[in-house]
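These values consider heavy atoms only, across backbone and side chains, with no hydrogens, waters or symmetry-generated copies. Within every chain, numbering begins at 1; the chains are lettered A, B, ... in the order of the sequence lines, protein sequences first and strands thereafter.
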Amino acid sequence: MTAETIIQSLASGLLMGLLYGLIAVGLALIFGLMDVVNFAHGEFLMLAMYVTFFLFTFFAIDPLLSAPLAAAALFVLGAAVYLLIVRFAMRAKANVGMVQIFATFGLAIVMRGLAQLFFTADYRSVPNSWLGGKTVSVAGIYLPQPQLFGALVAIAAFGGLYLFINRTDFGRALEATREDPGAVALVGIDKNRVFALGWGLGGALVGLAGAIMATFFYIYPDVGASFALIAYVTVALGGFGSVFGAFAGGIVVGLVEATTALILPPSLKSVGIYAVYLLVVFIRPRGLFGSM
Amino acid sequence: MTMTRRDVLLGATAAAALLPLAARPQTSEVVIGATYPLSGSGAQVGVDAQRAFETAIDIINNDQDFDLPLAKGAGLPGLGGAKIRIVYADTQGDPQKGRAEAERLITQEKVCAILGSYQSAVAVTISQICERYQTPFISADNSSPSLHRRGLKYYFRASPHDEMFSAGMFDFLDAMKKKGAKANTLALFHEDTIFGTDSANAQTKLATERGYKIVADIKYRANSPSLSAEVQQLKAANADVLMPSSYTTDGILLVKTMAELGYKPNAIVAQAAGFSEKALYDAVGDKLEGAITRGSFSLDLAAKRPMVGKINDLFKAKSGKDLNDNTSRQFMAMIIMADAINRAKSTEGEKIRDALAATEMPGEQTIMPWKRVKFDESGQNNDADPVLLQYVGGKFVTIFPSQAAVADAVWPMK
């Protein structure tokens, strides 16, 4: 094992990790806001990838340009899912937790089925995007441009989200609702609007991730499943509800995955992630940066 | 006097003619189950398989002029012209779901035979259920050698298995070496279910026997979100020949990651699966000019056997795709099963099994480059010759063995 291999692995792991973080952060945001786990998160990602794919195929819009469009589309979807499904699931008289799990889980299955019905089961990909297949090579280390760009977008999105939460009225309302959804009603904040905004933001973030992923990953109706699992681990690892935790958790997952693949046979590379995850939830059940 | 099914059928046909339309009993039909991944990561293959089966039963159920068994005349003459109906079951590529679905097909849907199943891991469980219920099973497109070595009586496979395929691949490498090509070191890259594992085992055995050096043997997790660590190891090993055994999703990601990490092997010789799927070449074909895959089917054959081109047209009208390694074998599996049921003149599992065991179908009556279809004791057809195909200029050309080849191999790949 040469130094080059190790550095290359760490670099690949870091780039992938930032993307994992970007996928997970929407999940963390919604969870932090209202204690709801969106089990259709992977399907949101899948849909964003299809949006990007179709914008490219029919209108020749490069994923770089369509990323904001995918984010906007997923913002609308996220808000709609809250207003049309989750809001009602939360009103259940009994087993609210279970009802909301089944609601979003059911949504995931419906979304997968509809995707296969309308988009067919074929594997798609965006063949010649501006970044696709291009690589920057620094001292023998290859940094694929799509992932590099993804990492930059992820950092920018985390920064933007941080500013949004801390500097805007909406952000403060978001924080306040998260702290005490009952009390905010007294000061005139519409809880439903804030929750819908949270879901919209969560969708927009995973929409960005999907647009970037469409430049280097294949697209098919079930594509969300493997990334969603990693996103759940990332959120649990980073700390439930902590946006910063999702960011850090993503990086940890990416690096652990890459180093495990160096040490163990590659078929066991996810063992490292789950081992670290188990260790963290044993020692610190709230996750690395969780505050609950 | 005992009454056979045939008598019942004749009686039913006679009665049907006399009865008024509304009271007429259902036309007798033969129900065959097909177990494929219709959702999940293998769904595309399963959906294409449905089109392949529909093409086959179109030819069987209607009167068509092809030199295939049962093409002429409508339906199965051995069963009074009964038509075939297919019931599909979705395995999602999961062995446990495959087991449950096979059981449902047999007990609820009353199918008399089952075809399947793309993933070899799923074929393992389905064939066990079929054995228990004495229902014949044809492995249309499963290539793991261990499948027919389990002493099952109801298991049949008309197409080659990976040891035959791999032997063909190594025969080809031997021939290339003789011509002076550099092909001494190999990198195996295989997924971690029975397909990839069996394929790598067969390749390892052959490499040792024939004096090739395996410089990397990478077993990776199927449907991994990233393959960059794996590709780095391939790149570090820098073998003369890369030999992947991957399904479509992993194949696409492999080729993309190779390009991103600046790894360009001299030659790729793939164990089909994803590397015979159009989807993979649509996604990354520009990076695969000159890639070689083993196969059991080649459209080139249409030049010698015009029927192949016509059947391909029928399939293309349904699916928008050309027949490939998988769909051609699925098509043949249905023809072979229907032929056996017809000769059995029965839908009883045991009789169909015996008819399958007695199959003797000349290669010219198939759409494959096979010598013939004849099953040995274990249910394997040993006269199914594999071919090697090279992806050149956006399509596959047959390059090996010499009697089937239409072009010389381009080596190294571009």
Side-chain angles (χ1 to χ4, degrees), chain A residues 1-2 4-6 8-9 11-13 15-16 19-20 23 109 112-113 116 120-128 132-135 137 140-147 213 215-223 225-227 229-230 254 257-262 265-271, chain B residues 37-48 92-93 189-193 196-197 217-236 247-253 255-263 274 277-280 282-287 320-321:
Chain A
M1 198 187 303
T2 61
E4 207 179 28
T5 324
I6 297 171
Q8 175 74 67
S9 291
S12 301
L15 293 185
M16 211 54 205
L19 202 64
Y20 288 159
I23 295 170
I109 292 168
R112 264 184 232 178
Q116 185 164 333
T120 77
D122 285 0
Y123 309 102
R124 321 283 189 151
S125 80
V126 176
N128 330 292
K134 295 201 179 77
T135 296
S137 171
I141 307 299
Y142 288 84
L143 303 174
Q145 286 188 18
Q147 278 101 317
M213 279 187 44
T215 59
F216 68 92
F217 212 76
Y218 48 83
I219 306 163
Y220 72 105
D222 266 27
V223 69
S226 42
F227 287 92
L229 187 61
I230 289 185
E257 188 183 50
T259 17
T260 316
L262 272 179
S267 59
L268 299 176
K269 71 178 175 187
S270 39
V271 166
Chain B
L38 300 174
S39 64
S41 70
Q44 177 245 327
V45 171
V47 173
D48 289 347
Q92 298 175 30
F189 180 81
H190 56 102
E191 52 105 53
D192 62 350
T193 72
T197 313
D217 179 1
I218 295 173
K219 179 178 185 173
Y220 70 91
R221 207 174 140 69
N223 283 319
S224 215
S226 152
L227 288 175
S228 55
E230 290 82 345
V231 169
Q232 269 165 52
Q233 294 184 23
L234 288 176
K235 193 182 166 192
Y247 292 125
T248 313
T249 49
D250 298 328
I252 294 175
L253 191 60
V255 177
K256 286 199 169 193
T257 312
M258 279 166 45
E260 285 166 6
L261 294 185
Y263 170 49
E277 282 298 325
K278 183 174 180 289
L280 184 133
D282 283 348
V284 291
D286 56 326
K287 301 179 183 74
K321 298 173 186 175

With a 4.5 angstrom heavy-atom cut-off, is it the side chain or the backbone of [X] that approaches chain A, or both, or neither?
X      : answer
B/A283 : both
B/K278 : neither
B/N223 : both

Write down the atom of [X], the atom of [Y], and the distance for their closest heavy-atom approach.
X      : Y      : value
A/A261 : B/Q233 : O-NE2, 3.1 Å
A/V126 : B/K256 : O-NZ, 4.3 Å
A/Y20  : B/S226 : OH-CB, 4.4 Å
A/Y142 : B/G262 : CE2-CA, 3.9 Å
A/I230 : B/P225 : CD1-CG, 3.5 Å
B/V47  : A/A121 : CG2-CB, 4.1 Å

Given heavy-atom pairs under 4.5 angstrom as the criterion, report whether the side chain, backbone, both or neither of [X] touches chain B.
X      : value
A/Y123 : both
A/Q145 : neither
A/S270 : side chain
A/T215 : backbone
A/F217 : both

Can you tell me how far [atom2] of [Y] sits from [atom1] of [X], rounded to the nearest 0.5 angstrom?
X      : Y      : atom1 : atom2 : answer
A/D122 : B/D282 : CG    : CG    : 8.0 Å
A/T135 : B/E260 : OG1   : CD    : 6.0 Å
A/F216 : B/S228 : CZ    : OG    : 9.5 Å

Does any part of the side chain of [Y], heavy atoms only, come nearer than 4.5 Å to the side chain of [X], both counted from C-beta?
X      : Y      : value
A/Y218 : B/L253 : yes
B/S39  : A/R112 : no
B/K219 : A/P265 : no
A/Q8   : B/L261 : yes

When A/Q147, A/R124, A/E4 are compared by non-hydrogen pairs under 4.5 Å with chain B, the top option
A/Q147
Under 3.5 Å donor-acceptor, [X] side chain and [Y] backbone:
X      : Y      : result
A/E257 : B/A229 : no
B/Q232 : A/L262 : no
A/S226 : B/S224 : no

Looking only at heavy atoms and a cut-off of under 4.5 Å, which of [options] has the most pairs with chain A?
options                        : value
B/A236, B/A259, B/S41, B/A279  : B/S41
B/I252, B/I218, B/T248, B/T249 : B/T249
B/A43, B/G40, B/G42            : B/G40

Taking only residues two or more places apart in sequence, or in another chain, which ones meet B/E230 in a salt bridge (charged side-chain N to carboxylate O under 4.0 Å, His left out)?
A/K269
So, using salt bridge (charged side-chain N to carboxylate O under 4.0 Å, His left out) as the criterion, who are the partners of B/D48 when residues are at least two apart?
B/K321
Would the number of heavy atoms belonging to other residues, nucleotides or ligands and lying under 6.0 Å from CZ of B/R221 be above 12?
no
